[in-house]
There are 2 protein chains.
Amino acid sequence: MTENSRHLQRFQDFLTKKSLRLTSPRRAILEAVHGHESHYTAEELLSLARSIDDSVSRATVYRTLPILQECDIVREIDVGKDFKYYATNRSEDNFQAQVVCVDCDNIFEIDAPFMDWYAKTAAERLGLEVDSQRIQVNAHCTRLRTGQTCEHKAAKTSESLLHSTISTHN
Amino acid sequence: MTENSRHLQRFQDFLTKKSLRLTSPRRAILEAVHGHESHYTAEELLSLARSIDDSVSRATVYRTLPILQECDIVREIDVGKDFKYYATNRSEDNFQAQVVCVDCDNIFEIDAPFMDWYAKTAAERLGLEVDSQRIQVNAHCTRLRTGQTCEHKAAKTSESLLHSTISTHN
DNA sequence: GTGCTTGCAAAGACTTTGCAAACTT
DNA sequence: AAGTTTGCAAAGTCTTTGCAAGCAC
């Protein structure tokens, strides 16, 4: 069973449970969500969804994203810009930190397994219960800073590093 | 030497260095920055600044905040809402994580000393150089969830916890 | 059929910016 | 005097919302 069909299944179940309907725009948006490799904006999702069903409107994308987040199919990533990024939840995902290159806007994700423990401890000290958590590191391209600005290409070649795991426990 | 005067000194030096001017609105805003206890919005800063010099305009607040951030007098805290919070840098501050109560919007800060190490390690793996970092934990009020919603009052009484330190190294 | 959905365009919320007048050095 | 800064209001940017027509079930 592919991830796509697993997500479709989950989406349908969720919609049914809430007496919502599986419409053609929603289907196109779900497909678009799988068409994106990494992080995308609402606008990018709209473009791709429109290439699948050109009647999809911006409003529907914005109305569907919260549903996809509730289904745990998509997650929102706010890196402090004036718009948000979204990413599709792949099955093997652990909690991850975002490393954002401020020169080229690339977003890398790196496992940060200690975060679950930290968040829980921090919240408990305040008598709270963890809802969600987030780590973000903003960084510059050391090597490329001197030459032309940090390039997206450079970032792409680092993709093998994306699944590195960093833990504070050694 | 108080923190206020240290900040004023730093502000003046910075302005001079950049051939900028110490004007009355800027002075009022700097004062307002010290009048706030914890986290404040641009709008709240504007109100307080206006109570000191009622001619201060919203535009000037927005234009002055970036300068204060460059001087390291104020820091920006983006908790993913559609507006930003600001906090005055007090001398004893270490790197801190934000714990945001999603019920009452209170923001607590807790030391997270391991973050420097983590950010550096994560960035290095990608060939980047750390610029800034951020940890945020969103949480609910466990105890108060059942009764009336989590109250701001309740948060205030936890203030003694604000300076707790949590480290992953035990 | 019932009532959830959609697209469109207008509205919203916060922040930024153009401009002429006012002010700091 | 020279050049920065200000307040005002308009512009901007992303996101949300009202509404009548259109669909899914």
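Since we're looking at a predicted model, the values are computed, not measured. All values below were derived from every heavy atom in this structure, side-chain atoms included, with hydrogens, water molecules and symmetry-related copies excluded. Below, read A as the first sequence line, B as the second, and so on, with proteins coming before strands; counting in each chain starts at 1.
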In whole angstrom, what separates [X]'s [atom1] from [N]'s [atom2]?
X       : N      : atom1 : atom2 : answer
B:Asp54 : D:dT6  : CG    : P     : 15 Å
A:Arg58 : C:dT5  : CZ    : C1'   : 18 Å
A:Phe83 : D:dG12 : CZ    : P     : 18 Å
B:Tyr85 : C:dC14 : OH    : C1'   : 13 Å
A:Glu43 : D:dC14 : CD    : C1'   : 9 Å
B:Glu44 : C:dA13 : CD    : P     : 17 Å
B:Arg50 : D:dT6  : CZ    : P     : 13 Å
B:Leu22 : D:dT6  : CG    : C1'   : 14 Å

At 4.0 Å (heavy atoms only), tell me whether [X] reaches a base, stays on the sugar-phosphate, or touches nothing.
X       : value
A:Ser19 : sugar-phosphate
B:Tyr62 : base
A:Thr41 : nothing
B:Ser24 : nothing

What nucleotide among [options] has an atom nearest to a side-chain atom of [X]?
X       : options               : answer
A:Arg63 : D:dT4, D:dT15, C:dC8  : C:dC8
A:Leu20 : C:dA13, C:dT5, C:dT15 : C:dT5
B:Thr23 : D:dT5, C:dT25, D:dG7  : D:dT5
A:Arg21 : D:dC8, D:dC25, D:dT16 : D:dC25

Using every non-hydrogen atom in the two residues, find where A:Leu46 and A:Ser57 come nearest and quote the distance to one decimal.
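Scanning both residues completely, I find the closest heavy atoms to be CD1-C, 3.7 Å.
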Taking all heavy atoms of B:Gln136 and all of A:Met115, pick out the closest pair and write down the distance.
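B:Gln136 and A:Met115 have their closest heavy atoms at O-CE, 4.3 Å.
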Check whether any side-chain heavy atom of [X] sits under 4.5 Å from a side-chain heavy atom of [Y], and report yes or no.
X        : Y       : result
A:Ile67  : A:Leu15 : yes
A:Ile107 : A:Val99 : no
B:Tyr86  : B:Lys84 : yes

Tell me whether the centres of the aromatic rings in A:Tyr118 and B:Phe114 are closer together than 6.0 Å.
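Judged by ring-centre distance (under 6.0 Å), A:Tyr118 and B:Phe114 do meet the cut-off.
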Evaluate the ring planes of A:Tyr40 and A:His36, with Trp represented by its six-membered ring, and classify them as parallel (under 30°), tilted (30 to 60°) or perpendicular (over 60°).
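Because their plane-to-plane angle is under 30°, the rings of A:Tyr40 and A:His36 count as parallel.
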Given A:Asn4 and A:Thr2, is the side-chain hydrogen bond (donor to acceptor under 3.5 Å, both in side chains) satisfied, shown in steps?
CA-CA 5 Å; A:Asn4 292 25; A:Thr2 68; 4.9 Å; no
Output yes when at least one side-chain N/O atom of A:Arg26 is less than 4.0 Å from OP1 or OP2 of C:dT5, else no.
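Indeed, a polar side-chain atom of A:Arg26 lies that close.
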Under 4.0 Å between a side-chain N or O of A:Thr60 and OP1 or OP2 of C:dT5?
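The answer is no; no side-chain N or O of A:Thr60 sits under 4.0 Å from OP1 or OP2.
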Could you tell me, to 10°, how much the axis swings from one end of the helix from C:dG1-D:dC25 to C:dT25-D:dA1 to the other, five pairs per end?
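Answer for the end axes of this duplex: 40°.
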